[in-house]
Amino acid sequence: MTDLTSQKQTALDAIAKADTLDALEAVRLDALGKKGWVSLALKTLGGMSPEERSEAAPAIQAVRAEIADALDAKKGELESAALEAQLAAETIDLTLPAPESAKGSVHPVSQVMDELAEIFADLGFAVATGPEIEDDWHNFTALNMDESHPARAMHDTFYFPDAAPDGGQMLLRTHTSPVQIRSLKDQGAPIRIIAPGRVYRSDSDATHTPMFHQVEGLVIDKDIHLGHLKWTLETFFKAFFEREDITLRLRPSYFPFTEPSVEVDVGYSNEGDRRVVGGNGDDEGHDWMELGGSGMVNRRVLEFAGVDPDEYQGFAFGLGIDRIAMLKYGMNDLRAFFDGDPRWLSHYGFAAVDQPALSAGVGARA
Ligand code: DAH
């Protein structure tokens, strides 16, 4: 018994002194491990008389419990000390520079294309695409401009030197209108699409670049008339410019692929060196800016695209995306759009998180 008491005291002292979890574990093994002295003492109970055992057993169990409690308590102490030490070592230095902000931005043309798609999707339009390297038939002939048509000359077309396998001339599309033909041939009528994309003409000055962007629109169904066209354009421009006082002027014009044809102008005023849409272009201090062409799709075009013009008709439009981007976001030189100057891009570009959404008012930024 005295032996047990002194062994216990030695163990408790060792526990008190243990300064690592390993040291503590060594004490545990020595006392409570399978071959530890407490375990050995418990084994001696078997050889005892019942009287001896009833006295020795509680004593040994008490020693065991006392040591186990001391081990637990010390273990908790050592663990929380270790955590404290770790926390103290792992401080965050808030004086470090902030992480670099994202480089690059979304080009205003891309942003405006997303805005267009958002608005027209809400009006039930799907987005269609076509190739930028186009053939003569889709770009001209099927749009009612046969080889001798004078309107072809107005397009300043970039032709490829080699003809296509079927003998047709290949070119860079001069407008997005060939997507009308491709989409009708693919899907037939009824149809309601927009087709934004790049187009090319051999032309360059402050308001013309050899590559620019258009968005084509096409609605073919039964009983579609010019009133639908006017409503659609007005509704679009109000949503796009985020103001109600948009004045559109539809001017009689001529395009081979529409009949009747109109040109679409929007009223604007000059505010400093910025053009701001709104107001009547004929009033003092206002003017009209031409945004594109439109009209009722010519019967001949529907025939070329395999649609019966006695059953279906509709309207089409083609708008200059760069122009409406300039008007909305206040850029005044078209050439700067495509110079790739990082200063221009960081000034006029959009953050990738500025996703246009109708629910947020399509414009990404004031
Ligand atoms: N494709 C014409 C151009 O680039 C623009 C145009 C006019 C498109 C009238 C149309 C339209 O869809 O109906 O000059």
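Counting starts at 1 for both ligands and their atoms, in listed order. The figures here come from the full heavy-atom set of this structure, side chains too, leaving out hydrogens, waters and symmetry mates. The first residue of the sequence shown is numbered 1, and numbering continues consecutively from there. All values reported here derive from a predicted model rather than from experimental measurement.
The main-chain N or O of Asp265 is never found under 3.5 Å from a side-chain atom of Glu290 such that the two would form a donor-acceptor pair. Not one N or O on the side chain of Ser105 forms a donor-acceptor pair closer than 3.5 Å with the backbone of Ala351.
For ligand 1, none of its N or O atoms has an N or O atom of His155 under 3.5 Å away.
Close contacts between ligand 1 and Gln214 involve ligand atoms 3 (C), 4 (O) [criterion: under 4.0 Å to a heavy atom]. Per-residue contacts place Ser177 under 4.0 angstrom from the following atoms of ligand 1 (heavy atoms of the residue considered): 1 (N), 8 (C). Listed by atom number, the atoms of ligand 1 under 4.0 Å from Ala316 heavy atoms are 12 (O), 13 (O). The contact set between ligand 1 and Gly295, taken as ligand atoms under 4.0 Å from a residue heavy atom, comprises 13 (O). Counting atoms of ligand 1 from 1 in the listed order, those under 4.0 Å from a heavy atom of Phe255 are 7 (C), 9 (C).
Contact check on Lys35 versus Asp30 returns no salt bridge, with no Lys/Arg side-chain nitrogen under 4.0 Å from an Asp/Glu carboxylate oxygen. Using a cut-off of 4.0 Å between Lys/Arg side-chain N and Asp/Glu carboxylate O, Asp310 and Arg299 are scored as salt-bridged. The existence of a salt bridge linking Arg182 and Glu134 is confirmed by a sub-4.0 Å separation between a basic side-chain nitrogen and an acidic carboxylate oxygen.
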From CA spacing to verdict: side-chain hydrogen bond (donor to acceptor under 3.5 Å, both in side chains), Asp156, Thr174: CA-CA 8 Å; Asp156 300 313; Thr174 58; over 6 Å; no
Evaluation steps, ring-ring contact (aromatic ring centres under 6.0 Å, His included), between Tyr329 and Tyr348: CA-CA 8 Å; Tyr329 293 114; Tyr348 288 111; 8.8 Å; no
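The closest approach between Ser294 and ligand 1 falls below 4.0 Å for a heavy atom of the residue.
Among Glu263, Arg173, Glu216, the residue whose heavy atom sits closest to atom 10 (C) of ligand 1 is Glu216. Closest to atom 14 (O) of ligand 1 by heavy atom, among Arg201, His175, Gln180, is Arg201.
Side-chain atoms of Asp22 and Thr20 form no donor-acceptor pair, as typed in the model, at a separation below 3.5 Å.
For atom 13 (O) of ligand 1, the nearest protein heavy atom (residue, atom name, distance) is Thr258 CG2, 3.1 Å. In terms of protein heavy-atom proximity, atom 8 (C) of ligand 1 is closest to Gly318 N, 3.4 Å. Of the protein's non-hydrogen atoms, Phe257 CZ, 3.7 Å is the one closest to atom 2 (C) of ligand 1.
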